[in-house]
Amino acid sequence: MVHLVERGPIADESLRPIGEGGLLLQGELIYRVGAFSDLRLEAETLQATIIELTEDFVALPGFIDVHTHICFAGSRAQDYALRNAGKTYLEIAAAGGGIWDSVQQTRRADQAELTRLTVQRATRHLRGGVTTIEVKSGYGLSVAEELKQLRAIKEADSQTAADLVATCLAAHTLPRDYAGTPEAYLAEMAAQLLPQLKQEQLTNRVDAFLEQGAFSAAQIAPYFAEARRLGFQLTVHADQFSAFGSRVAVEAGALSADHLEASSDDEIRLLAGSPTVAVALPGASLGLGCNFAPARRLLDAGASLAIASDWNPGSAPMGDLLTQAAILGTFEKLTAAEVLAGITCRAARALDLADRGRLVAGLLADFVLFPTADYAEILYQQGQLRPAQVWKNGRCVHPSPARA
Ligand code: NIG
Ligand code: FE
């Protein structure tokens, strides 16, 4: 497929699939993409390996999920039942359920258990074609417990073929056992946690949940300023229920503003005029039973749109990126090109990863093979057409070589 524009609408006509195409790999990189007959000649001269596929396959770049919370223990099935019985997400949180419940369950797990659970979920994602997974902390909410989560994520990264991109979400909500003000909590995290993250190379990304019941724009400003000073990249949980986070994201130069279910024309304009990538999280809309982010209007205004799963125990328990992206496409009237760009090349921008997200020479050989001759089948089947093979860094990781 061709190079897709970085922002704004994309017509499906701009996707020009290569018929009888193939990929030539060298080590962990893509060496050439083109017609299979040309590649075969080149492979012979280079004595490179060429993989001949006997059936019809469509190759897509490995999917990139730019927003997950898969490092957690326990379940919040009870919250789901309460919501369906009429309570709101914010009411459940205020009554001591919600994020705080997951914090307590996650604190009870040790680091090895969190590693195991994260690897288990990453493996499920990998089988679905997701080769790069952002993973947030945010269920620790003390210096020691946030470190435990981020060390578990680093350890999990070394135990899965997927690349895990860690993000510190110590600014998820004020923990109920913290005796001071939100300002004091954030100052403590900025002073004691952020430098330690740099020292142990646990992450270079910082996120915050900007919402009533979480943190305000004024509260987060000094925390973000310190994070930036220390060299962290920023991302924001923005405009989920109240629309003020995207302005903070844009003004702070965040890589992405995620959620956006409550964004209005003002926020859409703001995001469209900025380099900040807008991230829709359809899994959170499906988990909470609320409206989707205004993906169509964001694209029409000229924004760059990525789509992520938000996989977490509370608002987005499903954790199936392809299904959710396909469903968002049907509700928001997105072209296949826009949906696929949202989980590949535009997602790579949201994580500032220039080495992946497209099938072009020189980038990582991360790709997914779907068992179909027509790429339109992939979204049409709304996640039920599963990858036949998943390749990461030039190696087939699913089915695992032992089982292939
Ligand atoms: O992205 N909105 C805040 N944080 C997560 C939910 C976390 C949770 O409910 O445990 C989200 O939806
Ligand atoms: Fe989230």
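Numbering of ligands and ligand atoms starts at 1, following listing order. Since we're looking at a predicted model, the values are computed, not measured.
Not less than 6.0 angstrom separates the ring centroid of Tyr223 from the ring centroid of Phe215. When ring centroids are compared, His398 and Trp391 stay outside the 6.0 Å threshold.
Ser14 contributes no side-chain N or O that, together with a main-chain N or O of Ile10, makes up a donor-acceptor pair within less than 3.5 Å.
Within a radius of less than 2.8 Å around the Fe ion (ligand 2), the protein N, O or S atoms are His67 NE2, His69 NE2, His237 NE2, Asp310 OD1.
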For residues 364-373, run the donor-acceptor check on the side chains, cut-off 3.5 Å, and write out each pair with its distance to 0.1 Å, sequence neighbours left out.
from: Asp366; atom 1: OD1; to: Lys392; atom 2: NZ; distance (Å): 3.1
from: Asp366; atom 1: OD1; to: Asn393; atom 2: N; distance (Å): 2.9
from: Asp366; atom 1: OD2; to: Lys392; atom 2: NZ; distance (Å): 2.8
from: Thr372; atom 1: OG1; to: Asp374; atom 2: N; distance (Å): 3.0
from: Thr372; atom 1: OG1; to: Asp374; atom 2: O; distance (Å): 3.2

Just distance, no hydrogens or angles: give the donor-acceptor pairs under 3.5 Å from side chains in residues 98-106, sequence neighbours left out.
from: Trp100; atom 1: NE1; to: Gln104; atom 2: OE1; distance (Å): 3.4
from: Asp101; atom 1: OD1; to: Gln105; atom 2: NE2; distance (Å): 3.3
from: Ser102; atom 1: OG; to: Arg76; atom 2: NH1; distance (Å): 2.6
from: Gln105; atom 1: OE1; to: Ser75; atom 2: N; distance (Å): 3.3
from: Gln105; atom 1: NE2; to: Ser75; atom 2: O; distance (Å): 2.9
from: Thr106; atom 1: OG1; to: Ala73; atom 2: N; distance (Å): 3.2
from: Thr106; atom 1: OG1; to: Ser102; atom 2: O; distance (Å): 2.7

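The residues Arg296 and Glu338 are annotated as salt-bridged, a charged nitrogen and a carboxylate oxygen being separated by less than 4.0 angstrom.
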Would you mind listing each N/O atom of ligand 1 next to any protein N/O under 3.5 Å, plus the distance?
from: ligand 1; atom 1: 1 (O); to: His69; atom 2: NE2; distance (Å): 3.4
from: ligand 1; atom 1: 1 (O); to: His237; atom 2: NE2; distance (Å): 3.0
from: ligand 1; atom 1: 1 (O); to: His259; atom 2: NE2; distance (Å): 2.9
from: ligand 1; atom 1: 1 (O); to: Asp310; atom 2: OD1; distance (Å): 2.9
from: ligand 1; atom 1: 1 (O); to: Asp310; atom 2: OD2; distance (Å): 2.9
from: ligand 1; atom 1: 2 (N); to: Gln240; atom 2: OE1; distance (Å): 2.8
from: ligand 1; atom 1: 4 (N); to: His172; atom 2: NE2; distance (Å): 2.9
from: ligand 1; atom 1: 9 (O); to: Arg76; atom 2: NH2; distance (Å): 2.8
from: ligand 1; atom 1: 9 (O); to: Tyr89; atom 2: OH; distance (Å): 2.5
from: ligand 1; atom 1: 10 (O); to: Arg76; atom 2: NH1; distance (Å): 2.9
from: ligand 1; atom 1: 10 (O); to: Arg76; atom 2: NH2; distance (Å): 3.3
from: ligand 1; atom 1: 10 (O); to: Tyr139; atom 2: OH; distance (Å): 2.6
from: ligand 1; atom 1: 12 (O); to: His259; atom 2: NE2; distance (Å): 3.3
from: ligand 1; atom 1: 12 (O); to: Asp310; atom 2: OD2; distance (Å): 2.9
from: ligand 1; atom 1: 12 (O); to: Ser315; atom 2: OG; distance (Å): 2.6

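Around atom CD of Glu42, more than 12 heavy atoms belonging to other residues, nucleotides or ligands sit under 6.0 Å away.
Defined by atom type and a distance below 3.5 Å, a donor-acceptor pair is missing between the side-chain atoms of Asp207 and Thr235.
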Might you work through the side chain to side chain contact (heavy atoms under 4.5 Å, CB included) test for Ser256 and Val236, ending with a clear yes or no? CA-CA 7 Å; Ser256 72; Val236 179; over 6 Å; no
